[in-house]
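Before any comments, here is the structure.
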Amino acid sequence: MPKTARQEAAEMLTELLFRFYSAGQRHPRVTQGPKIHTHAFHVLYLLARAHDKRLSLSFLLTELQVTKQQLSKLINELEDFGYVERVRTGRDRRNVMLCLTESGERYYTEREQAVADQIAAFLEKYPPEKTEILHELLVQLGS
């Protein structure tokens, strides 16, 4: 059965996403600092995008679809690097929020910028009118 244009486009975008993420990991901007697991990076991504740079552990469990033990291991790793901290809220000590630290935000931002640099370099190969079309499509996808 032949692929539809939608299926093929999805596969092509996925390939580009993984290519840029991998290239971003090798970018000179990110040679310093530890390499973290992709799930741990996903935690930093979610925290960086959160309104007040903090999320509940239950939200992270649902979002990442990992076990409590796996999440605890990820958080311990990120805490050891100083990228996140657990903060207890209220009187109930079981209610814990995970907060992004300045160091964690800096680590995430450096890698995000490295991937953006890789994409920008890739797009330099194309004429401005092609990148304008891509830009318009991406704006529509984001809406």
Side-chain angles (χ1 to χ4, degrees), residues 3-126 128-143:
K3 293 180 185 177
T4 66
R6 181 177 293 140
Q7 289 170 319
E8 196 168 329
E11 290 173 7
M12 292 167 75
L13 283 170
T14 301
E15 170 63 27
L16 284 174
L17 172 72
F18 290 136
R19 183 189 322 169
F20 292 131
Y21 178 77
S22 294
Q25 293 293 0
R26 296 185 308 275
H27 192 278
R29 179 191 302 268
V30 297
T31 55
Q32 296 183 17
K35 299 290 185 203
I36 62 173
H37 188 278
T38 53
H39 274 110
F41 188 79
H42 193 180
V43 170
L44 295 180
Y45 166 81
L46 293 170
L47 286 167
R49 296 287 186 274
H51 169 64
D52 53 358
K53 309 287 187 223
R54 61 192 302 162
L55 294 169
S56 70
L57 298 184
S58 60
F59 173 82
L60 290 170
L61 280 170
T62 302
E63 187 69 22
L64 297 172
Q65 296 186 1
V66 295
T67 65
K68 286 183 182 181
Q69 293 82 7
Q70 290 169 319
L71 181 61
S72 182
K73 184 177 177 183
L74 287 172
I75 293 171
N76 288 341
E77 177 184 327
L78 290 170
E79 277 186 316
D80 289 346
F81 293 134
Y83 297 156
V84 301
E85 61 184 0
R86 289 180 175 106
V87 175
R88 305 219 183 270
T89 59
R91 292 179 217 216
D92 185 354
R93 297 199 37 87
R94 294 173 295 175
N95 192 11
V96 177
M97 298 291 285
L98 191 65
C99 299
L100 186 63
T101 64
E102 285 183 30
S103 178
E105 189 166 9
R106 192 169 38 256
Y107 181 90
Y108 172 79
T109 302
E110 286 173 356
R111 276 134 190 90
E112 179 183 48
Q113 189 59 54
V115 172
D117 290 350
Q118 293 294 321
I119 293 170
F122 174 80
L123 292 175
E124 286 291 321
K125 297 184 239 177
Y126 298 94
E129 54 274 5
K130 295 280 188 182
T131 55
E132 287 172 19
I133 292 169
L134 178 61
H135 179 262
E136 289 174 22
L137 287 170
L138 291 170
V139 168
Q140 289 175 20
L141 287 171
S143 301

**Message:** Let's go through Leu74 and Ile36 carefully: what are the C-alpha distance in whole Å and the side-chain angles of both, what is the deciding distance for side-chain contact (heavy atoms from CB on, under 4.5 Å) to 0.1 Å, and is it a yes or a no?
**Reply:** CA-CA 9 Å; Leu74 287 172; Ile36 62 173; over 6 Å; no

**Prompt:** Please walk me through it: do Tyr108 and Gln113 pass side-chain contact (heavy atoms from CB on, under 4.5 Å)?
**Reply:** CA-CA 9 Å; Tyr108 172 79; Gln113 189 59 54; over 6 Å; no

Count the heavy atoms of every other residue, nucleotide or ligand shown that sit under 6.0 Å from [atom1] of [X], and state whether that count exceeds 12.
{"X": "Gln65", "atom1": "CD", "result": "no"}
{"X": "Lys73", "atom1": "NZ", "result": "no"}
{"X": "Tyr45", "atom1": "OH", "result": "no"}

Let me confirm one number: the [atom1]-[atom2] distance from [X] to [Y], rounded to the nearest 0.5 Å.
{"X": "Lys125", "Y": "Leu123", "atom1": "NZ", "atom2": "CG", "result": "9.0 Å"}
{"X": "Asp117", "Y": "Glu112", "atom1": "CG", "atom2": "CD", "result": "10.5 Å"}
{"X": "Cys99", "Y": "Leu55", "atom1": "SG", "atom2": "CG", "result": "8.5 Å"}
{"X": "Tyr83", "Y": "Leu44", "atom1": "OH", "atom2": "CG", "result": "8.0 Å"}
{"X": "Arg88", "Y": "Asn95", "atom1": "CZ", "atom2": "CG", "result": "9.5 Å"}
{"X": "Ile119", "Y": "Phe122", "atom1": "CD1", "atom2": "CZ", "result": "9.5 Å"}

**Request:** State which residue, out of Arg106, Arg111, Glu105, fulfils the side chain to side chain contact (heavy atoms under 4.5 Å, CB included) condition with Thr109.
**Result:** Glu105

Where the side chain of [X] meets the backbone of [Y], is there a donor-acceptor pair that is under 3.5 Å apart?
{"X": "Ser72", "Y": "Lys68", "result": "no"}
{"X": "Glu11", "Y": "Glu8", "result": "no"}
{"X": "Ser56", "Y": "Met97", "result": "no"}

Taking the side chain as everything from C-beta on, heavy atoms only, tell me whether [X] gets closer than 4.5 Å to [Y].
{"X": "Val43", "Y": "Leu46", "result": "no"}
{"X": "Leu71", "Y": "Thr67", "result": "no"}
{"X": "Val87", "Y": "Leu98", "result": "no"}
{"X": "Ile75", "Y": "Leu57", "result": "yes"}

**Shortest non-hydrogen contact from Gly82 toward Ser103** =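 It is O-CB, 3.6 Å.
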
**Message:** To check you understand the geometry: which heavy-atom pair defines the closest contact between Arg86 and Val96, and what is its length?
**Reply:**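 Between these two residues, the closest heavy atoms are CB-CG1, 3.8 Å.
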
**Message:** Checking Lys53 against Leu47 for the side-chain contact (heavy atoms from CB on, under 4.5 Å) test, could you report, in this order, the C-alpha distance in whole Å, the side-chain angles of both residues, the deciding distance, and whether it holds?
**Reply:** CA-CA 5 Å; Lys53 309 287 187 223; Leu47 286 167; 5.6 Å; no

**Asked** After noting the C-alpha distance and the side-chain angles of Val66 and Leu60, does the key distance pass the side-chain contact (heavy atoms from CB on, under 4.5 Å) rule?
**Response** CA-CA 9 Å; Val66 295; Leu60 290 170; over 6 Å; no

